[in-house]
Amino acid sequence: IYNLIVSTAGWKQTSEFDDYLESARYGARQAALSGTTFFVDSSYRGASAQAIAELGLRGIVGLELFGFDTPSALKSW
């Protein structure tokens with residue numbers, strides 16, 4: 001989890017949703033190519049839900065409750 005948080009820390013500085021959405025699309029495509037059709041994800045931006053829907057897959061996306069800055073994450077919903 002620490003490596004994920006560190007690798008995406010700079011994304012918080014952008015006002016755009018695009019970094020998260022493109023990452024979610026990439027992950028969903030890779031998972032679909034391996035045969036995955038149902039996802040369970042935690043998110044505080046909702047990008048994974050959009051990526052899953054765009055690919056016609058199914059999934060459950062919940063509110064992310066881990067990270068360095070949880071109060072600001074709650075504001076983004």
Side-chain angles (χ1 to χ4, degrees):
I1 291 173
Y2 176 81
N3 289 338
L4 174 63
I5 293 168
V6 169
S7 70
T8 61
W11 294 1
K12 293 179 183 179
Q13 305 308 316
T14 67
S15 61
E16 298 297 321
F17 182 65
D18 295 342
D19 289 334
Y20 293 95
L21 182 56
E22 195 52 42
S23 177
R25 285 174 174 155
Y26 176 79
R29 282 191 307 267
Q30 293 300 309
L33 287 171
S34 73
T36 300
T37 61
F38 189 91
F39 297 82
V40 176
D41 190 34
S42 59
S43 172
Y44 65 90
R45 296 274 181 170
S48 56
Q50 183 174 336
I52 291 167
E54 287 176 2
L55 286 173
L57 302 170
R58 297 172 296 141
I60 297 171
V61 179
L63 176 61
E64 180 180 295
L65 297 176
F66 57 84
F68 294 137
D69 196 7
T70 303
S72 71
L74 294 173
K75 292 177 191 175
S76 66
W77 277 78

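This structure is a prediction, so every number in the text was calculated from the model and none was measured.
Contacts classified as salt bridge (charged side-chain N to carboxylate O under 4.0 Å, His left out) and involving residues 27-42 (residues at least two apart or in different chains) are given here: Glu22-Arg29.
Every side chain to side chain contact (heavy atoms under 4.5 Å, CB included) that Thr36 has, sequence neighbours left out, goes to Ala31, Ser34, Phe39. Taking Glu54 as the reference, Arg25, Gln50 meet the side chain to side chain donor-acceptor pair (under 3.5 Å) condition, with sequence neighbours excluded. The side chain to side chain contact (heavy atoms under 4.5 Å, CB included) check on Ala49 picks up Val61, with sequence neighbours excluded.
The distance from atom OG1 of Thr37 to atom CZ of Arg58, rounded to the nearest 0.5 Å, is 5.0 Å.
Nearest heavy atom pair, residue Ala32 against residue Leu57, reads CB-CD1, 3.9 Å.
The hydrophobic clustering, which links ILVMFWY residues whose side-chain heavy atoms are closer than 4.5 Å, places Tyr26 and Ile52 apart.
Residue Val40 shares its hydrophobic cluster (ILVMFWY side chains chained together at separations under 4.5 Å) with Phe38, Ile60.
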